[in-house]
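These notes are about the structure you will find just below.
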Amino acid sequence: MAPDPTNGAIADALEELGDLYELDGAIVHRVVAYRTGARAVRDAPVSVAELARSGRATELPGIGRTLQEKIVALAQTGSIPAAEKLRTRIPSGLIQLTRLPGLGPKRARLLHSELGVDSLQSLREAAEAHRLRAVKGLGPKFEETVLDALQRPVEEMERAAARTLLPRALELAETLAGALAERVPDAQVIPAGSLRRQADSVKDIDLVAVTDAPEQLAAAFAELPEIEQASGSTAGARGRTHSGIAVDLRIAAPGQLGNLLQHFTGSGAHNAALREAAVRRGLHVSEYGILDDATGETEHLVSEQEVYARLGLAYIEPELRENRGELQAAVLDAKGRSQLPKLIELADIRGDLHSHTTASDGRASIEEMAQAARDRGYEYLAITDHSASHGFGNAVSPEQLRRQIELVRAANEKVEGIEILAGSEVNILPDGSLDYEDELLAELDWVIASVHTAFAMERSDMTERIVKAIEHPLLDAIGHPTGRKIEQRRPYAVDLEAVFAAAARVGTMLEINGNPDRRDLSDVDARAAVQAGVMLVVDSDAHRPATLANVRWGIATARRGWVRAQDVANSRPLDELRALRKQARK
DNA sequence: GCCGTTTTCGGCCCGACTGTTTTCAGTCG
């Protein structure tokens, strides 16, 4: 039997089917239903193919009976009959057409029926022969836009599609906001959009500003040294940085910051769902205010708290605004309470359980790392250098680890105000064993294990490998459990449901690694892990004192995953953390 | 195609911008 399609593959298939229906002239709501469904599948933390087979995929918001049937067909036969049928009628090149700016499904359909255009190549030929302008509803300007888009080099298209990791984008946004506030002293400039939601990566930088001098602010934006090209008005300005990131600045009068910030924080899916629910209550939400059908009046609100309150909702933290159930959870009951979690905060973290020194590939000594951790206000720090088989010239032999344990004990005497734990980040070998003897592992205060080799294993083998490690009695936690690198490397194939079940059963913790390239577990995975009963740890994986601060990206991911402080072991004092170790629980 | 503290049928977020238009359709975020 063929393996189940991944959630990603199912989502791709539903999106393609949506595109096909759209080009076939289906009503927009049907098309939107496919795209909403695709998103729900992509975000789902469990195997949707399995869910659909047991008739439970309809529990996902946006998946009904029809989509479930199509998912089952995809899992059983490898394709969806409706898509097969549509493909005979709609040339695949038409979908490519809709990716061009200013060219959507309606125009692609029009070009196909009027001119027989069915690919980027035939579109180019038609445009060059000036046949586009002859079509009713199109004109020379449109023809020019099309030729322009087709002539743009591939690299530029790719650059425009590229996403920037959160830390870099946030730093840039803060630089721009600071420079603007300096030039227009009364202006308040706030990063919004996916930046404010602390997403893994962002497509562009959204800034929201409040000022009484909008013209001055828009002009100042265009003058910024970081901005390469800009256009603007009193409502805002757009530009592009020299590094190629699009920047959007929106300017509001002080009285409506709440509405504007809520709108531009998004996500698009959150806002669409929020507004649909509001319409049922006779309220119409936009970036300018809330229009009440009953009075015909539009209210302008200064704060987001007021916006959510006006809609009968508890305040929703930006990290939760992805339309993953937060709107339902925010509904206030008769006593004014909601089902939203109290999210973990950076200040809840009492220690770091994953850090490196010069003993392996780190850049600082045990003492330097410990002092930096203490200066962050931590109660404890685990030194977890790589293990015997790590390779890259920085493996730690068993003898070296014994010596390292002594060095940690000695450093603990020297450095006041923090407890240093002797640990290791051991490799999970392809057969699921760890690469130190149990006798040595038993001497350590903290053992974290990670996959660093043989990423390309079969899903079932990788699952078996990691579950075996989880079941090791001396192991405390699994580091960066999926191996993903944001925008670079997909997670290795593994059955996370089985991993979570095993971890919950034996009491092995799972990490949210705070390295901004990793943030692994991801937000949706972390949420599913907690739901399965897993205890998490949030670590920096620091290789030098400064990168201890990377724990903030782990906290961002945890918050996006609905994680509370009580779900995270290193939010607890050291004695409580020790009591959570498997060894202590026996 | 999905969904329901006004509905199992009849709705389905909101506004800006562009280019083509004599009042608006299509696209985008």
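Below, chains carry the letters A, B, ... as their sequence lines are ordered, and counting in each starts from 1.
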[atom1] spacing across the pair [N] / [M], given as an integer number of angstrom:
| N | M | atom1 | answer |
| --- | --- | --- | --- |
| B:dG1 | B:dT5 | C1' | 24 Å |
| B:dG10 | B:dG15 | P | 27 Å |
| B:dC13 | B:dC3 | P | 14 Å |
| B:dT18 | B:dT23 | P | 22 Å |
| B:dT6 | B:dC12 | P | 16 Å |

* Asked: Taking 4.0 angstrom as the limit, do A:Asp200 and A:Arg484 come out as a salt bridge?
  ->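 Here A:Asp200 pairs with A:Arg484 in a salt bridge, since their nearest N and O are under 4.0 Å apart.
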
* **Nearest-angstrom distance from the residue atom CG of A:Leu274 to P of B:dG29** =>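 In whole Å, B:dG29 P lies 21 Å from A:Leu274 CG.
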
Could you please name the option among [options] that lies closest to any side-chain atom of [X]?
| X | options | result |
| --- | --- | --- |
| A:Lys106 | B:dG26, B:dC12, B:dC2 | B:dG26 |
| A:Arg275 | B:dG26, B:dC13, B:dG15 | B:dC13 |
| A:His284 | B:dC12, B:dT20, B:dC14 | B:dC14 |
| A:Arg107 | B:dG19, B:dG15, B:dT27 | B:dT27 |

Please report, to 0.1 Å, the donor-acceptor pairs under 3.5 Å made by any side chain of residues 78-85 of chain A, with sequence neighbours excluded.
{"unit_1": "A:Ser79", "atom_1": "OG", "unit_2": "A:Glu84", "atom_2": "OE2", "d": "3.2"}
{"unit_1": "A:Glu84", "atom_1": "OE2", "unit_2": "A:Arg87", "atom_2": "NH1", "d": "3.3"}

* Donor-acceptor contact present, side-chain A:Asn271 to main-chain A:Gly268, <3.5 Å -> no

Check nucleotides 6-8 of chain B for protein N or O atoms closer than 3.5 Å to its own N or O atoms and list the pairs.
none

* To do: Select base, sugar-phosphate, or nothing to describe what A:Val28 touches, counting heavy atoms under 4.0 Å on all strands.
  =>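 Since no nucleic acid heavy atom lies under 4.0 Å of A:Val28, the category is nothing.
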
* What does A:Gly137 touch in the nucleic acid at a heavy-atom separation under 4.0 angstrom: a base, only the sugar-phosphate, or nothing? ->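 Counting heavy atoms under 4.0 Å across all strands, the contact made by A:Gly137 is with sugar-phosphate only.
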
* Asked: Parallel, tilted or perpendicular for A:Tyr308 and A:Tyr315, by the 30°/60° rule?
  -> perpendicular

* Asked: Looking at DNA chain B, which of residues 321-332 of chain A put a heavy atom within less than 4.0 Å of it?
  ->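 Heavy-atom contacts with DNA chain B come from no residue of residues 321-332 of chain A; none.
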
